[in-house]
Amino acid sequence: MHEISCPICEGTRLKKIRNYTLLAGKNYAQLGKMEFFELHSFLDLISEKNDSMENISILKEELALMEEIGLGYLSFDRRIDSLFGGEYQRLRIASQVDSGLVGLTYLIDEPTDGLHGTDTRKVLTVIDRLLQKGNTVITIEHNLDILRAADYIIELGPGAGKNGGEVIATGTPKQLARNPNSLTGTGYVICRVSQIL
């Protein structure tokens, strides 16, 4: 298959009429190409100059959340099928934070995949917001920072694929650190020692 840009919309996937709707001189396509952090700054600038832009505050909150979970470099014109697994998971988490839904169970597969280690705390903050609303969050994760923040861990193994599927250890992070069968606990202890050193 060979993909080409549509000659009518020029690859924007927007109706032609969207070119005639402007916000501070920029049309939908131009706004859609801006990275979230850049769009957020642009909207801040517009808001300062115009008090009647109250509706923009909702979009600004969403953009701030995207930056908070390490997705500030994405843009609205980015196709879903071009996202990496971790990006897609974090995008889904962000869409749920302000949904107002409570009492749900979220199953999230490796939300830190592809995320720089310094940004892991941001994901934990957003997960915590879901928990504070009375939701349950179950993550499938290998990241030790996420595991350390867990209330309870179920470690499966001992290997991957046909060599896995057995419950190796269960408990809190501290209980796993004391469990000789737990590879996660061993990693947790080694990580703690390296941090102290």
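Note that OG1 of Thr170 and CG of Leu176 are 7.5 Å apart. Values are rounded to the nearest 0.5 Å. Within the model, atoms CD1 of Ile108 and OH of Tyr88 stand 12.5 Å from one another, a figure rounded to the nearest 0.5 Å. Interatomic distance, CD of Glu62 versus CZ of Phe36, reported as 10.0 Å (0.5 Å rounding). Here the CD1 atom belonging to Ile69 is positioned 11.0 Å from the OG1 atom belonging to Thr125, to the nearest 0.5 angstrom. Atom CG of Leu130 sits about 10.5 Å away from atom OG1 of Thr136, to the nearest 0.5 Å. Note that CG of Asn143 is 10.5 Å distant from CG of Asp113, once rounded to the nearest 0.5 Å.
Leu101 and Leu107 are members of different hydrophobic clusters when ILVMFWY side chains are connected at heavy-atom separations under 4.5 Å. Ile146 is not connected to Ile140 by any chain of hydrophobic side-chain contacts under 4.5 Å among Ile, Leu, Val, Met, Phe, Trp and Tyr, and they are in different clusters. At a threshold of 4.5 Å between side-chain heavy atoms, the hydrophobic network of Ile, Leu, Val, Met, Phe, Trp and Tyr places Phe84 and Leu74 in two separate groups. Leu59 and Ile46 fall within the same hydrophobic cluster, defined by Ile, Leu, Val, Met, Phe, Trp and Tyr side-chain heavy atoms under 4.5 Å apart, directly or through other members. Note on Leu22: it does not cluster hydrophobically with Leu31, by side-chain heavy-atom contacts below 4.5 Å among ILVMFWY residues.
Taking each heavy atom of Leu14 and Ala29 in turn, the nearest pair found is CD1-N, 3.8 Å. Here the closest non-hydrogen pair linking Pro173 and Arg148 is CG-O, 3.6 Å. Taking every heavy atom of both residues into account, Asp109 and Gln89 meet most closely at O-CG, 3.1 Å. Between Leu65 and Ala94, the shortest heavy-atom contact is CD2-O, 3.4 Å.
No side-chain heavy atom of Asn27 sits under 4.5 Å from any side-chain heavy atom of Thr21. Between Asp151 and Thr172, the closest side-chain pair of non-hydrogen atoms is not below 4.5 Å.
Here Tyr28 and Phe76 keep their ring centres 6.0 angstrom or further from each other.
For Ser41 (side chain) and Phe37 (main-chain N/O), a donor-acceptor pair under 3.5 Å exists by modelled atom type. In this structure, the side chain of Asn135 engages the main chain of Leu104 through a donor-acceptor pair within 3.5 Å.
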Candidate pair Ile168 and Leu183, rule side-chain contact (heavy atoms from CB on, under 4.5 Å), full reasoning = CA-CA 9 Å; Ile168 303 300; Leu183 294 174; 6.0 Å; no
Where do Ile4 and His2 land on the side-chain contact (heavy atoms from CB on, under 4.5 Å) test, with the steps shown first?
-> CA-CA 7 Å; Ile4 58 169; His2 181 67; 3.6 Å; yes
For Leu43 and Leu23, what are the C-alpha separation, side-chain angles and deciding distance, and is it a side-chain contact (heavy atoms from CB on, under 4.5 Å)?
-> CA-CA 10 Å; Leu43 295 176; Leu23 178 63; 4.0 Å; yes
For the pair Glu67 and Lys122, evaluate side-chain contact (heavy atoms from CB on, under 4.5 Å) and give the outcome as yes or no after the intermediate values.
-> CA-CA 9 Å; Glu67 291 177 60; Lys122 296 174 182 177; over 6 Å; no
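Using a cutoff of 4.0 Å between basic side-chain nitrogens and carboxylate oxygens, Asp44 and Lys60 are scored as salt-bridged. Contact check on Arg121 versus Glu68 returns no salt bridge, with no Lys/Arg side-chain nitrogen under 4.0 Å from an Asp/Glu carboxylate oxygen.
For the residue pair Ser5 and Glu10, no side-chain donor N or O sits within less than 3.5 Å of a side-chain acceptor on the partner. Side-chain polar atoms of Asn179 and Gln175 form no donor-acceptor pair below 3.5 angstrom.
Taking Ile, Leu, Val, Met, Phe, Trp and Tyr as hydrophobic and joining them when side-chain heavy atoms fall under 4.5 Å apart, one finds Tyr152 in a cluster with Ile154, Leu156, Val167.
Evaluation of the salt bridge (Lys or Arg N to Asp or Glu O under 4.0 Å) test over residues 84-94, restricted to residues two or more places apart or in two chains, returns Arg78-Glu87. Pairs passing the salt bridge (Lys or Arg N to Asp or Glu O under 4.0 Å) check and including a residue from residues 14-41, sequence neighbours excluded, read Lys33-Asp77.
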